[in-house]
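Notes follow the structure.
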Amino acid sequence: DEIVFEAPGSWRVEDAARGGDRLLLVRERSNRDASLFLFHLKSHSLTEIHPNPEAATIAVHTALSVGDRTHVVCYQEFP
């Protein structure tokens, strides 16, 4: 077994890409404040994906990787 990602806070794997080279990760700060990230396993780079940059905070309910650059996210916005 190999640890591929480690960071402080509450994180969960929401989905994995079909090719196995990327993970969709959610970092939850509270039940009304979360961030969604794309983690590349080869480069170990982490990129934040924000469904709506205008929202102050979001709660991520479900996120799926459905294609090379396509993600489906079910989230709730909070002002």
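Worth saying up front: this structure is predicted, and the values here are computed from it rather than measured.
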**Request:** Grab the two heavy atoms, one from Ala34 and one from Ala59, that are nearest each other, plus how far apart they are.
**Result:** CB-CA, 4.5 Å
**Asked** Shared ILVMFWY cluster between Leu46 and Leu41, side chains joined below 4.5 angstrom?
**Response** yes
**Request:** Indicate if Leu24 and Val26 have the same hydrophobic cluster label, given that clusters are the connected sets of ILVMFWY residues with side-chain heavy-atom separations under 4.5 angstrom.
**Result:** yes
**Closest non-hydrogen atom pair between Pro8 and Arg27, with its separation** = O-NE, 4.1 Å
**Side-chain heavy atoms of Trp11 within contact of Glu28, under 4.5 Å** = no
**Test item: Phe5 and Leu23 side chains (from C-beta on) under 4.5 Å apart, heavy atoms** = no
**Request:** Please assess Leu25 against Leu36 for the test side chain to side chain contact (heavy atoms under 4.5 Å, CB included), listing each intermediate value before the final yes or no.
**Result:** CA-CA 6 Å; Leu25 303 176; Leu36 182 65; over 6 Å; no
**Prompt:** Do Leu38 and His40 pass the side chain to side chain contact (heavy atoms under 4.5 Å, CB included) test, and can you show the C-alpha distance, the side-chain angles, and the key distance before you say yes or no?
**Reply:** CA-CA 7 Å; Leu38 183 63; His40 296 270; 3.7 Å; yes
**Message:** Filter on ring-ring contact (aromatic ring centres under 6.0 Å, His included), then keep only pairs touching residues 17-36, sequence neighbours left out; what's left?
**Reply:** none
**Message:** The criterion is side-chain hydrogen bond (donor to acceptor under 3.5 Å, both in side chains); which residues satisfy it with Ser45, sequence neighbours excluded?
**Reply:** Ser43
